[in-house]
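Taking it in order: structure first as structure tokens, then the write-up.
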Amino acid sequence: MTDAIRTAYDRSAEAWREGPALLYARLADALLDRAPLPLPGVAVLDAGAGTGVAGDAARRRGAAKVVAVDLAPAMLSASPAMPVAADLLGLPFRDATFDLAVAAFSLGHLPSPGPALAELRRVAPALLASAFAAGWTHPAKDVVEHVLSEHGYRPPTWYTAFKEGTERQVGAADRLGALARDAGYAEIVVDLVEVDTGLTEPTDLVAWRLGMAHHAPFVAGLAPETRESARREAVDLLAGAPPVVVPMLALTAT
């Protein structure tokens, strides 16, 4: 399953930067606003970095050093941070290398987040993490899924396992807090934050969904004319859709 996830994200890197990265950058900004320590001059680990938007947010706030870790090297290729391809369950860093670890929407991909949280605590005394609140959705999800299904799309096995299992482990404040407590953190706060991502236009909504790792490899395999036809259909169907406002769980732990 880990290999399938790595491959999907590697194959989605370009589409992700053109679509989902905008949404995740807004979420990263909202998360970094809640950092448990002043950021100027600190060393930050962007854990499960993807395209590195959380690390970028830390750098804009004055972080002196940012290292981005992800399983999928292609996702890291355009990040200005120091890129390291590694697993969160076995980080290649000495104890207390960093002042702060940031895990932005990455813990839900792990079959067992607890060991990864313990590993993050080993390399950094402070943690900032986020997860989608359970049950959140947006019409763009169903619309794009429906349009792609008309062309033969079926969700990949890794994504079904993610949505039906691993993501749910961190989708509630009490569960997320308990995982941090079990990993050894003493001071823990989990807040529900409503984040207006700024995505309002149907074209942006469709780019967000088509660039996701469970869609992008399939979309890339379509004939160009079919791909464009599907994109236009989804855009038309999302006329008048509401803006994307995400209920984000924000965890701070020390």
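Separation of atoms CG (Leu210) and CD (Glu18) is listed at 11.0 Å; rounding is to 0.5 Å. Within the model, atoms CG of Leu110 and OG1 of Thr2 stand 8.5 Å from one another, a figure rounded to the nearest 0.5 Å. Taking CG from Asp29 and OG1 from Thr197, the interatomic distance works out to 12.0 Å, rounded to the nearest 0.5 Å. Considering CE of Met212 and OG of Ser12, their distance stands at 9.0 Å, rounded to 0.5 Å. Note: Leu100 CG to Leu32 CG = 7.5 Å, rounded to the nearest 0.5 Å. The CG atom of Leu91 sits 4.5 Å away from atom CD of Glu119, with the distance rounded to the nearest 0.5 Å.
Asp33 and Arg61 are joined by a salt bridge, as a carboxylate oxygen and a charged side-chain nitrogen come within less than 4.0 angstrom of each other. Using a 4.0 Å cut-off between charged side-chain N and carboxylate O, Arg59 and Asp56 make a salt bridge.
Counting only distance, with no hydrogens or angles, the side chain of Thr7 and the backbone of Asp3 share a donor-acceptor pair below 3.5 Å. The closest donor-acceptor contact from the side chain of Arg175 to the backbone of Arg168 lies under 3.5 Å. The main-chain N or O of Val219 is found under 3.5 Å from a side-chain atom of Arg227 such that the two form a donor-acceptor pair. Judged by distance alone, the side chain of Asp46 and the main-chain N or O of Val67 form no donor-acceptor pair under 3.5 Å.
Within the 4.5 Å cutoff, the side chain of Ser106 has heavy atoms near those of the Leu88 side chain. Using a 4.5 Å heavy-atom threshold, the side chains of Arg17 and Ser77 count as touching. With contacts defined as side-chain heavy-atom distances shorter than 4.5 Å, the pair Asp99/Val44 does not qualify. Residues His215 and Val144 form a side-chain contact, since some pair of their non-hydrogen atoms from C-beta on lies under 4.5 Å apart. Contact of the Phe93 side chain with the Val84 side chain is registered, since non-hydrogen atoms from C-beta on lie closer than 4.5 Å. Proximity of Leu45 to Val123: side-chain heavy atoms (C-beta onward) are separated by under 4.5 Å at one or more points. At least one side-chain heavy atom of Pro155 sits less than 4.5 Å from a side-chain heavy atom of Glu145. No side-chain heavy atom of Arg154 sits under 4.5 Å from any side-chain heavy atom of Phe218.
Criterion: ILVMFWY side-chain heavy atoms under 4.5 Å apart, direct or through other members. Under it, Tyr9 and Leu27 are part of a common hydrophobic cluster. A continuous path of ILVMFWY side-chain contacts below 4.5 Å connects Tyr185 to Val170, so both sit in one hydrophobic cluster. Put simply, Val245 and Leu192 are part of two different groups of oily side chains (I, L, V, M, F, W, Y) that touch within less than 4.5 Å, one to the next. In terms of hydrophobic clustering, with Ile, Leu, Val, Met, Phe, Trp and Tyr side chains grouped at heavy-atom distances under 4.5 Å, Leu71 and Trp158 are assigned to different clusters.
Annotation: Glu233, atom CD; neighbour count of heavy atoms from other residues, nucleotides and ligands within 6.0 Å is above 12.
Contact between Thr226 and His151 at its shortest, heavy atoms only, is CG2-ND1, 3.5 Å.
Note: Tyr24 and Phe132 have perpendicular aromatic rings, judged against thresholds of 30 and 60 degrees for the angle between ring planes. Relative ring orientation between Phe162 and Tyr159 is described as tilted, the plane-to-plane angle lying within the 30° to 60° band.
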Decide yes or no on side-chain hydrogen bond (donor to acceptor under 3.5 Å, both in side chains) for Tyr153 and His214, but give the supporting numbers first. CA-CA 10 Å; Tyr153 170 78; His214 59 292; 4.6 Å; no
For His109 and Glu167: C-alpha separation, side-chain torsions, deciding distance, then whether side-chain hydrogen bond (donor to acceptor under 3.5 Å, both in side chains) applies. CA-CA 6 Å; His109 284 288; Glu167 188 181 47; over 6 Å; no
Could you go step by step and tell me if Glu228 and Arg232 meet the salt bridge (Lys or Arg N to Asp or Glu O under 4.0 Å) rule? CA-CA 6 Å; Glu228 178 58 20; Arg232 287 199 307 267; 3.6 Å; yes
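Sorted by first and then second residue, the salt bridge (charged side-chain N to carboxylate O under 4.0 Å, His left out) pairs involving residues 182-200 (not counting sequence neighbours) are Arg34-Asp191.
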